[in-house]
Amino acid sequence: MTDLTDELDADAVFRWLTAAAAAVEREADQLTELDSAIGDADHGTNLQRGFASVVTALGKEPPSAPGAVLILAGRQLVSTVGGASGPLYGTLLRRTGKALGDAERVTGDQLAEALRIGVDAVAQLGGAALGDKTMLDALYPGVEALSAGGPDPYGAARTAADEGALATVPMRARKGRASYLGERSVGHKDPGATSSALLFTALAGAVADE
Amino acid sequence: MTDLTDELDADAVFRWLTAAAAAVEREADQLTELDSAIGDADHGTNLQRGFASVVTALGKEPPSAPGAVLILAGRQLVSTVGGASGPLYGTLLRRTGKALGDAERVTGDQLAEALRIGVDAVAQLGGAALGDKTMLDALYPGVEALSAGGPDPYGAARTAADEGALATVPMRARKGRASYLGERSVGHKDPGATSSALLFTALAGAVADE
Amino acid sequence: MKMLINVPENVVADALRGMSAAHPELTVDVENRIVVRRDAPVADKVGLVSGGGSGHEPLHGGFVGRGMLDAACPGAIFTSPVPDQMTRAAAAVDSGNGVLFIVKNYTGDVLNFDMAAELAEDEGIQVGKVLVEDDVAVTDSEFTAGRRGTGGTLFVEKIAGALADEGAPLERVEAIARQVSQSCRSFGVALAPCTTPAKGSPTFDLPAGELELGIGIHGESGRERRPMMTSGEIADFAVDAVLSDLEPDGPVLALVNGMGATPLIELYGFCAEVQRVLDERRVPVARTLVGNYVTSLDMAGASVTLCRADEEMLRLYDAPVNTPGLRWGC
Amino acid sequence: MKMLINVPENVVADALRGMSAAHPELTVDVENRIVVRRDAPVADKVGLVSGGGSGHEPLHGGFVGRGMLDAACPGAIFTSPVPDQMTRAAAAVDSGNGVLFIVKNYTGDVLNFDMAAELAEDEGIQVGKVLVEDDVAVTDSEFTAGRRGTGGTLFVEKIAGALADEGAPLERVEAIARQVSQSCRSFGVALAPCTTPAKGSPTFDLPAGELELGIGIHGESGRERRPMMTSGEIADFAVDAVLSDLEPDGPVLALVNGMGATPLIELYGFCAEVQRVLDERRVPVARTLVGNYVTSLDMAGASVTLCRADEEMLRLYDAPVNTPGLRWGC
Ligand SMILES: Nc1ncnc2c1ncn2[C@@H]1O[C@H](COP(=O)(O)OP(=O)(O)O)[C@@H](O)[C@H]1O
Ligand SMILES: Nc1ncnc2c1ncn2[C@@H]1O[C@H](COP(=O)(O)OP(=O)(O)O)[C@@H](O)[C@H]1O
Ligand SMILES: [Mg+2]
Ligand SMILES: [Mg+2]
Ligand SMILES: [Mg+2]
Ligand SMILES: [Mg+2]
């Protein structure tokens, strides 16, 4: 079991993002289907395109610091995804990466802190708050659980993010495209929250492989 | 039973065309359905529009000669139907009417002869021949049976026209819109032949009412 | 099938009312179903009149204006207009220089325009006629009503309209219209049938995963049904069908035409494939027009029209045109 | 659902290749997804750049040309473009007089254009921005991402484009764009949903006999579902929705816009009803534009946009425009 004192290197982050890309690839149809219900049916293909290009870019010349890996990945998402999720996820990864600085190894504590900075940046960029039925409803619980530490913080973060995503079902959307539906957005799981939960699942898997 | 020596007046022709209008009204969907299979799905509505206006026009000032009634009806069809069937049926009635001249009463023999002139005019205008899978395949047998006389010439004409229409099913169309389908026109009853048979049915009914 | 209409019977009249509201530069006679240039008759100019069944918009009413038609006569949906319309239109646009009827080759259109020509001539109007018969899907014209008129109509109306706009006499306008007509060939495919308001259901069944090759523009099914093809395969098939009949030895005008319900983004993608095939066949393309011009209600699909174009035809194609459906240079 | 495409992944690239083939007056960078006037940058002129998800054609690429946009950046289908596209486009059209970004109000478009503006400013390009937010179907903008940008975009691009064409400085072009944006309101209905190539099935279910009121242009379902209505009833509903928000006290520009798969004949019929309602409400209509301009792939339906227009806006609306999708006066 990995706890927050364990260190992560660039390779661990690389594995995280590769696992995320695989998860997105696997779940793309599902994400698009969710987006079809309360959005415009492109969230799966958007992230597929984005994460595929992240993997390609990292494969070409993988940076040697976790922060740099995340910054490169974030830039890649901004440049290839488009839509709302491109700038938001791009910002998440870039700001998290920037917060990590250029250390070659970072602790789980440092990652948790950096992720919180990244998630805050997403909230600021998109102007959304908890409960607005967006990716934040998975990101915040995830990063919260991670920061809380304990014997299995990554597993706890995954669970919290999953639950956060699920908790968007009864919410009425107040941001993003789903907000146009008003009451009709109730009863559907938010696609962005769902993909955010995948990121935590991928993270838990990647550190467990260590 | 009416035979060819019995005389018809303007009123009989008026009843014939009124009955034809009613039959077209009743069978419009069926005619359109047939036209949908091998044409452009408008034969029923075309004739509905045309015969409705024939009835209106005749109702306003009914001419007192059978020929004049047919000429007026034919003009009305030309001016309201459009499509292939408008000029063709319009010509059929106008030429038949012209051939009858302005006698106030005409015999069945005279009507049969005039109808043949009308049908010939249709053949000439449209350039079609027997077996081309058009209205002619009902019109010719109908007028043929009528001219043959006998105890029930109108009933015989109706039967012959019906059979003629049915016989278009296995034919390959060589004229009109159905011809574009080539082999694919085989197996469908021609809408124009079907409506032509209705004309003979209406005629038989109208003279029987006498 | 849902439609944005009031009642099926009024679809054409309602559309004409809408044209009247949107286009003050046209005179729209809703009752008699005639669309005329407001400034008709234009002095010293041959008048161009066309028409046909409705459901092919913008053809023909949308092509009335400077440099193209002087009047259009819309029939009921997919039903040729009646002679009275064309006679009236001819009278409205004749400046004494005569009128040219541009007629798509369908039995109904031919018969009704012929009758109208007779009537107009009786009224002392000089009438020329030209048939458009460009659809290569209809072969063996000995055993059919002859090739149908489809997309080529646009080129005939545009080019003859430009020559008329220059003040050429009827015989020259008629001659170039005939030349263009003979220089055009088209081929169309449907991915989904259309639905007429009167019938309310599709004009033919097309199973998922199949398409119709060689369709007409009246909801008629095509000559052949095949398993669904890619845009590139369709372009190969359609362009080759056209070229094998047209055999151009110089530049062509190309119309990549939508049947009504195919999104413009797909049409442009199809245009790229048409261009590719023409490149491969070494046919130089002088001009390309992409859009929904000669449609078939809500049919999904496209057609390709190619037109052999000499210098004069190109010049006239490029000349100013100002109509609701086609406009450039003025 | 059948489409006239090769593979879903290439729909946008194929369409751009087609635009390139059909429009020699445009420079189409297929790889970087930018459509630019061939004569860009035009000396002493503010550059207008817009963009957004693809699937709304002719918007935006079809509005590139004299008197309208200098460049357009198409994203993937229904997905806003990425900042790199807009930055590159800004660099391509900036003559030193600055660039105006015209952005439809969607979270994705706003975020990506904002990032692009920052990057372009870093490169020394002066950038103005205007948001189009005209869709009255989206109420309570406090509890939503704000009103969506739809049909009004056409009027913003046309009128601001005309002022830029006259050589006005960035601040004036930006000001009129903002004025037009604030003077526009729209409302849309869908009779049938659209199908995106990637998904391959309709973006929502709409039972026979029902329609969606207040739809967006990305296949989103609307605010409300009702039993099917006639064209006249829809016009009453849509026009009243627009008017209750717009409250015009003078003439308006009207756009009767098709969503993609609604035949032109139906749109004109709908236009007649829109005109009727406006007459009844005593709203004078200065100009009416009818057609498929701001579409949603193969969605069936229509939208109405009204724009309060003063003399200056009318003059600029009438000014020459020469683009694939909108052309008059030149
Ligand atoms: N303002 C916002 N703040 C945070 N997340 C947002 C915001 N707007 C949208 N999202 C997230 O983005 C997701 C949609 O992403 P995507 O479908 O890729 O973009 P688009 O909505 O542009 O099509 C939503 O499910 C939601 O989680
Ligand atoms: N050249 C012709 N000669 C005789 N009858 C014809 C000819 N062309 C078509 N028809 C008849 O007209 C019928 C179609 O009429 P209709 O559907 O009203 O006109 P359109 O084909 O113009 O839509 C055909 O079924 C056929 O019987
Ligand atoms: Mg989306
Ligand atoms: Mg028919
Ligand atoms: Mg017809
Ligand atoms: Mg999107």
Side-chain angles (χ1 to χ4, degrees), chain C residues 1-7 10-12 14-23 54-55 57-58 62 77 191-192 208-209 211 228 230-232 234 256 260-275 285 288-290 292 295 297-298 300-302 322 324 327-330, chain D residues 1-7 10-12 14-23 54-55 57-58 62 77 191-192 208-209 211 228 230-232 234 256 260-275 285 288-290 292 295 297-298 300-302 322 324 327-330:
Chain C
M1 190 61 201
K2 284 166 281 184
M3 293 179 182
L4 185 58
I5 63 173
N6 288 315
V7 292
N10 291 354
V11 168
V12 175
D14 285 351
L16 289 175
R17 286 195 297 126
M19 283 205 83
S20 172
H23 301 293
S54 291
E57 291 66 29
I77 301 268
L191 276 56
L211 86 171
M228 189 57 196
T230 64
S231 164
I234 295 171
V256 177
T262 288
L264 199 51
I265 192 170
E266 294 182 26
L267 276 187
Y268 270 112
F270 183 54
C271 170
E273 296 298 334
V274 168
Q275 179 71 48
V285 184
T288 304
L289 187 64
V290 183
N292 289 286
T295 62
L297 292 174
D298 63 340
N322 187 352
R327 183 152 44 184
W328 56 68
C330 64
Chain D
M1 189 62 200
K2 284 166 281 184
M3 295 178 180
L4 185 58
I5 63 173
N6 288 316
V7 291
N10 292 353
V11 168
V12 175
D14 285 351
L16 290 174
R17 284 194 298 127
M19 284 205 81
S20 171
H23 301 294
S54 290
E57 291 65 30
I77 302 268
L191 276 56
L211 86 171
M228 188 57 196
T230 64
S231 164
I234 295 171
V256 177
T262 289
L264 199 51
I265 192 170
E266 294 183 23
L267 276 187
Y268 270 110
F270 183 55
C271 171
E273 297 296 336
V274 167
Q275 179 71 46
V285 183
T288 305
L289 188 64
V290 183
N292 289 286
T295 62
L297 291 174
D298 64 339
N322 188 352
R327 183 151 43 184
W328 56 69
C330 62

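Numbered from 1 within each chain, the chains take letters A, B, ... in sequence-line order.
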Toward chain D, the part of [X] with a non-hydrogen atom under 4.5 Å:
X      : result
C/P58  : both
C/I234 : side chain
C/A22  : both

What residue, out of D/P263, D/A192, D/G260, has the most heavy-atom pairs lying under 4.5 Å from chain C? D/P263

Which pair of non-hydrogen atoms, one from C/G18 and one from D/C271, has the smallest distance, and what is that distance? O-SG, 3.7 Å

Specify the closest pair of heavy atoms between D/M19 and D/P324, including all atoms of both residues, with the distance to one decimal. CE-CG, 4.4 Å

So CE of C/M228 and CG of C/L191: to nearest 0.5 Å the spacing works out to 4.0 Å

State the CD1-OG1 distance between C/I265 and D/T295, to the nearest 0.5 angstrom. 8.5 Å

Taking ring pair (Phe, Tyr, Trp, His ring centres under 6.0 Å) as the definition, give me every residue that meets it alongside D/Y268, ordered by chain and number, with sequence neighbours left out. C/H23

Taking [options] one by one, which has the highest count of heavy-atom pairs under 4.5 Å against chain D?
options                        : result
C/Q275, C/R17, C/R327          : C/R327
C/N322, C/L264, C/V290, C/L211 : C/L264
C/D14, C/I77, C/L267, C/T262   : C/D14
C/D298, C/I5, C/V7             : C/I5

In the structure I gave you, are the side-chain heavy atoms of C/N6 and D/E273 within less than 4.5 Å of one another anywhere? yes

